[in-house]
Amino acid sequence: MSVPDVVFGFGAHSGVDGGAELLAMARQADRDGLDVVSLSDHPYFGDRLDAYAAIGFLLGGTSRISGFVNVTNLPTRPAPMLARTVTSLSALSGGRIVLGMGAGGLWDRITAMGVPRLSPGAAVDAFEEAIVLVRKLSGGGPPVTHRGSHYQVDGIDPAPVAAPPVWTGSNGPKSLAATGRVADGWIPGHAADWLSERYRTSRPVIDAAAAAAGRDPRDVRTVYNLPGRITDRPLAATRDADGRWIGGSVEQWVDELTGAVLDHGASGFILFSPTGGTQDRASLGRWANEIAPAVRAAIAAG
């Protein structure tokens, strides 16, 4: 995937009975020039489509937009198989895949699927090791033997396909440091944005770890899950009493997102509905055709 300087995408839910509507929205977003369609990975919920199966279905029905699982439920998807999945999707789609990675959150649900419970520290270690191993099993080269704390492979041929960009959903200090060392992007948890305490305290941890690993911290982009309404008229206040973005008119969105990029280094925005679910088609159209182009133009003028 050739990642634009600033990414605009949308997030969707993937109910078993909603495949046709999901594909229609992805095709609309594809035609309208959005960059990413995002699905959450909760394989323990029987009423949801498998995230990777759904992403493959959407990529097969589109031509430009990239797929992103936000974020992969790593404990249920071992890293060697995950490497095969994402490199295959990349090969089939012409590189239109981003690998979203998480250490695992809902452990009661995860262990109900027969996966051993890991301590928080071990889960983060496995998360970082998995990113490294996915990259080892991508991009061609000699057979890979890996002897790690959580993964072991013996003489496995890497796929002749480059690893996709890796964006994480890190929250705790140890996970944030791992993001700085090995990831390409970070999505703050709980839909936190650039004015939040979560961002202000977390981003320096990523930057310090990246610098300590000899990386440029700017190579780890920050992409935001951003719920909010797109209204016909300006709102008196675009943030609630707790300072969280709630939306506004097209002009208010453009002003806010332009400032997020120019003043706070934001690298992308994934739109959700105000309740965290899928936006309606009309709002998706305004996001793609009015807000995203205007923000890009304002940034270029900048």
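Everything numeric in this text was worked out from a predicted model, so none of it was measured. Residues: numbered from 1 along the sequence shown.
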A.B. asks: Applying side chain to side chain contact (heavy atoms under 4.5 Å, CB included), can you list everything that pairs with V71, at least two apart in sequence or on another chain?
C.D. replies: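 Here no residue qualifies.
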
A.B. asks: Which residue pairs pass the side-chain hydrogen bond (donor to acceptor under 3.5 Å, both in side chains) test with at least one member in residues 15-27, sequence neighbours excluded?
C.D. replies: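 Output for this query lists E21-R281.
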
A.B. asks: What residues, two or more places apart in sequence or in another chain, satisfy side chain to side chain contact (heavy atoms under 4.5 Å, CB included) together with P234?
C.D. replies: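 For P234, the residues satisfying side chain to side chain contact (heavy atoms under 4.5 Å, CB included) (neighbours in sequence not counted) are S249, Q252.
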
A.B. asks: Is a donor on one side and an acceptor on the other found under 3.5 Å between the side chain of T85 and the backbone of M81?
C.D. replies: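 Here the side-chain-to-backbone pair exists.
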
A.B. asks: Which pairs pass salt bridge (Lys or Arg N to Asp or Glu O under 4.0 Å) with one or both residues in residues 257-274, sequence neighbours excluded?
C.D. replies: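 Listed by first then second residue: nothing to list.
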
A.B. asks: Scan side-chain atoms only and decide if T62 and D30 contain a donor-acceptor pair under the 3.5 Å cut-off.
C.D. replies: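 Short answer, no.
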
A.B. asks: Check whether R48 reaches the backbone of H13 with its side chain - one donor and one acceptor, N or O, closer than 3.5 Å.
C.D. replies: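 No: the side chain of R48 does not pair with the backbone of H13.
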
A.B. asks: Under the salt bridge (Lys or Arg N to Asp or Glu O under 4.0 Å) rule, collect the residues that match up with D47, sequence neighbours excluded.
C.D. replies: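 Salt bridge (Lys or Arg N to Asp or Glu O under 4.0 Å) check on D47 returns nothing, list empty.
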
A.B. asks: Side-chain contact, heavy-atom cut-off 4.5 Å: R239 with E256?
C.D. replies: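 Yes; the side chains approach each other to less than 4.5 Å.
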
A.B. asks: Can you run down the salt bridge (Lys or Arg N to Asp or Glu O under 4.0 Å) pairs that involve residues 73-93, sequence neighbours left out, and say none if there aren't any?
C.D. replies: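 Only D41-R77, D50-R77 qualify under salt bridge (Lys or Arg N to Asp or Glu O under 4.0 Å).
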
A.B. asks: Under the salt bridge (Lys or Arg N to Asp or Glu O under 4.0 Å) definition, can you give me all pairs with a residue in residues 119-142, not counting sequence neighbours?
C.D. replies: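 Sorted result for residues 119-142: D125-K174, E128-R181, R135-D184.
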
A.B. asks: Any chance you could pull the hydrophobic cluster mates of V115, using side-chain heavy atoms under 4.5 angstrom and chaining through other members?
C.D. replies: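 The other cluster members (ILVMFWY side chains, heavy atoms under 4.5 Å, direct or chained) are Y44, F45, L106, W107, I110, M113, L118.
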
A.B. asks: Can you list the steps and then say if W167 with F68 is a ring pair (Phe, Tyr, Trp, His ring centres under 6.0 Å)?
C.D. replies: CA-CA 9 Å; W167 299 351; F68 172 51; 5.1 Å; yes

A.B. asks: Checking E290 side chain against E251 main chain: does a donor-acceptor pair fall under 3.5 Å?
C.D. replies: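 The answer is no, because no donor-acceptor pair under 3.5 Å joins these two groups.
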
A.B. asks: Can you name the residues that form a side chain to side chain contact (heavy atoms under 4.5 Å, CB included) with S196, not counting sequence neighbours?
C.D. replies: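 By the side chain to side chain contact (heavy atoms under 4.5 Å, CB included) rule, S196 matches A192, D193, R198, Y199.
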
A.B. asks: Could you list who else is in L92's hydrophobic cluster, with ILVMFWY side chains joined at under 4.5 Å, directly or through other members?
C.D. replies: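 Via sub-4.5 Å side-chain contacts, L92 links to none.
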
A.B. asks: Can you list the steps and then say if R218 with D216 is a salt bridge (charged side-chain N to carboxylate O under 4.0 Å, His left out)?
C.D. replies: CA-CA 5 Å; R218 292 173 297 182; D216 186 338; 2.9 Å; yes

A.B. asks: Any chain of hydrophobic side-chain contacts (each under 4.5 Å) joining V37 to V16?
C.D. replies: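 No; V16 is not reachable from V37 via cluster members.
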
A.B. asks: Just to verify, what does A260 make a side chain to side chain contact (heavy atoms under 4.5 Å, CB included) with, not counting sequence neighbours?
C.D. replies: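 Here the qualifying residues are W194, A266, F269.
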
A.B. asks: Quick one: which residue pairs count as a salt bridge (Lys or Arg N to Asp or Glu O under 4.0 Å) with a foot in residues 200-209, not counting sequence neighbours?
C.D. replies: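 Qualifying pairs, neighbours excluded: E197-R200, R203-D207.
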
